[in-house]
Amino acid sequence: MSENKNETEVVVKKNFIQQIIEEGIKEANLSGRVHTRFPPEPNGYLHIGHAKSICLNFGTALKYGGLTNLRFDDTNPSKEETEYVESIKEDVHWLGFDWGDREFYASDYFDKLFEFAVALIQKGLAYVDDQDAETISAQKGTPTRPGTESPFRARTAEENLDLFMRMKAGEFDEGACVLRAKIDMASPNMHMRDPIIYRIMKTPHHRTGDKWCVYPMYDFAHGQSDYWEGITHSICTLEFEVHRPLYDWFIDQLKDSDYRPRQIEFARLNLSYTVMSKRKLLELVKDKHVNGWDDPRMPTISGLRRRGYTPESIRNFSERIGVTKVDGMIDVALLEHSVREDLNKSAQRVMGVLDPLKVVITTYPEGLVEEMEAINNPENPEAGTRLVPFTREIYIERDDFMENPPKKFFRLSPGTEVRLRYAYFVTCTDVIKDEAGNIIELHCTHDPASKGGNSPDGRKVKSTIHWVSTTENVKAEVRLYDRLFNDEDPSGHKEIDFKEFMNPDSLQVLPNCYVEPFVKGAKALDHFQFERLGYFNIDPDSTPDTMVFNRTVQLRDTWSKEKNK
RNA sequence: UGUCCUGUGGUGUAAUUGGCAACACGUCUGAUUCUGGAUCAGAAGAGUCUAGGUUCGAGCCCUAGCAGGACAACCA
């Protein structure tokens, strides 16, 4: 975990999972032990929803002095790849959590799982069904109508065992038959109607190669894996609620002591203005609506990292949103608040001009370069100061000037005096335009006595604006991001595809920006605050010749609200 | 004509397990400020899905409803 002494303590009351744990400790059912697991399927990149689960599993264990395993739920070789395993490990570590040497795979248990299936067959609790998928599905009935039993349900243990061995030996084609648990076709819970537990797949597995051609289903692997790893609290999302009786049923068949893992469900994270399903995220990537899984607009952990989010901000966010069983929608504003809060304390301040307008200080000597002392981080005096070069010609932000300002605009306009941050008071004397009437340059005078930013006569100015020297600077490309979708809940419209709600202006590239020289040599992912504009970090696309910055998030901006009144 | 889960300010969570609903984000004032940021002070905003009941007292307990969600992959 971060040792940052600025670390924010987010105070949150006990959630329902912690209450369950504490009751368990009181009753000593689990001898006070807490052991959780984070069980991703390696079939895609992790997103902010997984971050919630990671923080929950690792965070809960940490709180109660327990352990957390990382377990890859790799029971479906047709979807899973090693590439995803690596990215998942990187993301969990980046978030600040460590699973020690407890890196497991459901595929570690293929032998034991197979043995267990054999044991069920011998107990008469599993059978091989030769029917095709459609038939089996039809016999399942509906949620409101009971299913009917398979004609193969009554096969003898000997016959089932023989068939299952031959399935394993590869004698049958994919789909020819499956192994089913024999439970209750009339159960009101669909998952108890003789669920399929093994299917034939002649696809090589990313870890076990072609050793197997039969693979266990999720329901037949998850609880058993929990059991073998000694998991006490198996935390998963709400949609598995109806699986719990089956989870418990398998463990009942398996357990030989008082110990049993307990499945606890919580509501998955829904964030406003984004989509969270792997399928939809994959679609965005494949159809090139974004530039890859780590596009800074993506809600993936790799995307957020590239965007400039910090691990601590995500952990705090996760703490703040809490954990319940209520399906809701969290406002992205809360996520944004979490980064601002963290970056405000830690980010190096710097001046950068995104939309440059040239200003000539007509009263300032040509060729002179003065070094102005600037504060690196007002929230942290220990960060010290730096020198920013000031010259006769500078750039300011185009929208920091208005020729005909409204009443509440107190930046630069003809005749008004403003402060150039850490430099001088200046007054605009001339507005230079091209033939089309566009403002191309401003002329200002300066008050030499105000050097450093204060006038000895105590005179006040309404506003302070940022600037960058036209000669002493670093040229940069800046990428501005906006929400990917214009709709609060793009997936929430039954008849309309989520892509219909994409924001066409979610990416804006500004190729001609200027930043003060201080940023020279900064590394990819380094964070800065561009004063008055927002938090930015260095994109990995950055080269020593062209620096590329991503805007993580804007500063809070009461002026823009004022404007829209 | 099913099973399971869930209903608290705009949003998210809390309420010492029955004691006049708290916190965060957001919103709005004001102070302060060399970032229209941050900080500080304050305000508005729910009477807890509905209707009954128990109780001196109910967001918490009981009954009956209503609303939303999950479940019918050889996905996880």
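Side-chain N/O atoms of A/Thr135 and A/Asp132 include a donor and acceptor closer than 3.5 Å. A/Glu229 and A/Tyr109 share a donor-acceptor pair across their side chains, judged by distance under 3.5 Å alone. Between the side chains of A/Ser53 and A/Asn57, at least one donor N or O sits under 3.5 Å from an acceptor N or O. Residues A/Asn189 and A/Ser187 have side chains that never bring a donor and an acceptor to within less than 3.5 angstrom of each other.
Between the NZ atom of A/Lys140 and the C1' atom of B/C71 there is a distance of 11 Å, given to the nearest Å. Summarising the geometry, the separation between CD on A/Glu241 and C1' on B/C4 is reported as 6 Å, rounded to the nearest angstrom. Atom CG in A/Asn377 sits about 17 Å away from atom P in B/G37, given to the nearest Å. Counting to the nearest Å, the P atom of B/U13 and the CE atom of A/Met329 are 12 Å from each other. Whole-Å rounding puts the A/Leu271 CG to B/C25 C1' distance at 13 Å. With rounding to whole Å, A/Gln19 atom CD is found 9 Å from B/U16 atom P. Taking atom NE2 of A/His222 as the reference point, atom P of B/C75 lies 18 Å away to the nearest angstrom.
Nucleotides B/A64 and B/U3 are separated by 13 Å at their P atoms, to the nearest Å. Here the separation of B/A31 from B/G10, taken at their C1' atoms, is 27 Å to the nearest Å. Straight-line distance between the P atoms of B/U27 and B/C66: roughly 40 Å, to the nearest whole Å. One C1' atom belongs to B/A21, the other to B/G45, and the distance between them is 13 Å to the nearest Å. Across B/A58 and B/G53, the matching P atoms stand 12 Å from one another, rounded to whole Å. Look at the P atom in both B/G18 and B/G57: the space between them is 16 Å, to the nearest Å. The same atom, C1', is picked in B/C28 and in B/G68; the two are 32 Å apart, to the nearest Å. Taking the C1' atom of each, B/A70 and B/A76 are spaced 15 Å apart, rounded to whole Å.
In this structure, A/Ser137 reaches the B/A73 phosphate: one of its side-chain N or O atoms is under 4.0 Å from OP1 or OP2. Put simply, A/Lys561 has a side-chain N or O that comes within less than 4.0 Å of OP1 or OP2 on B/U27. Phosphate proximity of B/A76 to A/Thr75: present, with a side-chain N or O under 4.0 Å from OP1 or OP2. One finds no side-chain N or O of A/His466 lying less than 4.0 angstrom from the OP1 or OP2 phosphate oxygen of B/U35. Distances shorter than 4.0 Å separate some side-chain N or O of A/Thr324 from OP1 or OP2 on B/U13.
For A/Met217, the listed nucleotide lying nearest its side chain is B/A76; candidates were B/G37, B/A76, B/A14. Residue A/Arg556 places its side chain closer to B/U27 than to any other of B/U27, B/G36, B/U6. Checking B/G37, B/G2, B/A24 against every side-chain atom of A/Arg320, the shortest atom distance belongs to B/A24. Listed nucleotides: B/G2, B/A70, B/U13. Nearest to the side chain of A/Val242: B/A70. For A/Asn76, counting side-chain heavy atoms from C-beta on, the closest listed nucleotide (B/A72, B/C75, B/G36) is B/C75. For A/Lys325, the listed nucleotide lying nearest its side chain is B/C5; candidates were B/C5, B/U27, B/A38. Ranking B/A76, B/U35, B/G69 by closeness to the A/Arg199 side chain, first place goes to B/A76. Listed candidates were B/C25, B/A24, B/G36. Nearest to the side chain of A/Ala333 is B/C25. Nearest nucleotide to the side chain of A/Pro378, out of B/U35, B/C28, B/C74: B/U35. Side-chain atoms of A/His337 lie closest to B/C25 of the nucleotides B/U35, B/C25, B/A76.
Counting distance only, with no hydrogens placed and no angle test, the side-chain atoms of A/Gln529 and the base atoms of B/U35 include a donor-acceptor pair under 3.5 Å. No hydrogens or angles were tested; on distance alone, a donor-acceptor pair under 3.5 Å links the side chain of A/Glu379 to the base of B/G37. No donor-acceptor contact under 3.5 Å links the side chain of A/His243 to the base of B/A70. A donor-acceptor contact under 3.5 Å is formed by the side chain of A/Arg349 with the base of B/U35. No hydrogens or angles were tested; on distance alone, a donor-acceptor pair under 3.5 Å links the side chain of A/Arg411 to the base of B/G36.
For B/U35, the base adopts the anti conformation, since its glycosidic angle falls more than 90 degrees from zero. Glycosidic conformation of B/G47: syn, with the torsion inside 90° of 0. With a glycosidic angle no further than 90° from 0, B/A73 counts as syn.
Along RNA chain B, the nucleotide closest to A/Ile465 and the one closest to A/Thr142 are compared, and the more 5′ of them pairs with A/Ile465. With RNA chain B read from its 5' end, the first of the two nearest nucleotides for A/Glu41 and A/Pro143 is the one closest to A/Pro143.
Taking a cutoff of 4.0 Å between a charged side-chain nitrogen and a carboxylate oxygen, A/Arg279 and A/Glu283 qualify as a salt bridge. Ion pairing between A/Lys278 and A/Glu41 fails under the 4.0 Å rule for side-chain N and carboxylate O.
At the heavy-atom level, A/Tyr198 lies nowhere under 4.0 Å from the strands shown. Contacts of A/Asp132 with the nucleic acid, taken as non-hydrogen atoms under 4.0 Å apart, include base atoms. Nucleic acid contact for A/Ser272: none, since no nucleic acid atom lies under 4.0 Å from a heavy atom of the residue. In this structure, A/Asn189 reaches neither bases nor backbone, as no heavy-atom distance under 4.0 Å exists between it and the strands shown. Contacts of A/Asn454 with the nucleic acid, taken as non-hydrogen atoms under 4.0 Å apart, include base atoms.
Formation of a donor-acceptor pair under 3.5 Å by the A/His191 side chain with backbone atoms of A/Pro245 is not found in this model. Judged by distance alone, the side chain of A/His50 and the main-chain N or O of A/His47 form a donor-acceptor pair under 3.5 Å.
Partners of A/Thr324 according to the side-chain hydrogen bond (donor to acceptor under 3.5 Å, both in side chains) rule, which considers only residues two or more places apart in sequence or in another chain, do not exist here. A search for side-chain hydrogen bond (donor to acceptor under 3.5 Å, both in side chains) contacts involving A/Asp129 returns A/Gln131, A/Ser150, A/Arg180, not counting sequence neighbours.
Between the side-chain ring of A/Trp559 and the base of B/G36, a stacking contact exists by the 5.5 Å and 30° definition.
Considering only heavy atoms from C-beta on, A/Asp219 stays 4.5 Å or farther from A/Ile197 through its side chain.
Looking at RNA chain B, the stems built from 3 or more consecutive Watson-Crick or G-U wobble pairs, each pair with its key distances under 3.5 Å, are B:2-7 with B:66-71, B:10-13 with B:22-25, B:27-31 with B:39-43, B:49-53 with B:61-65.
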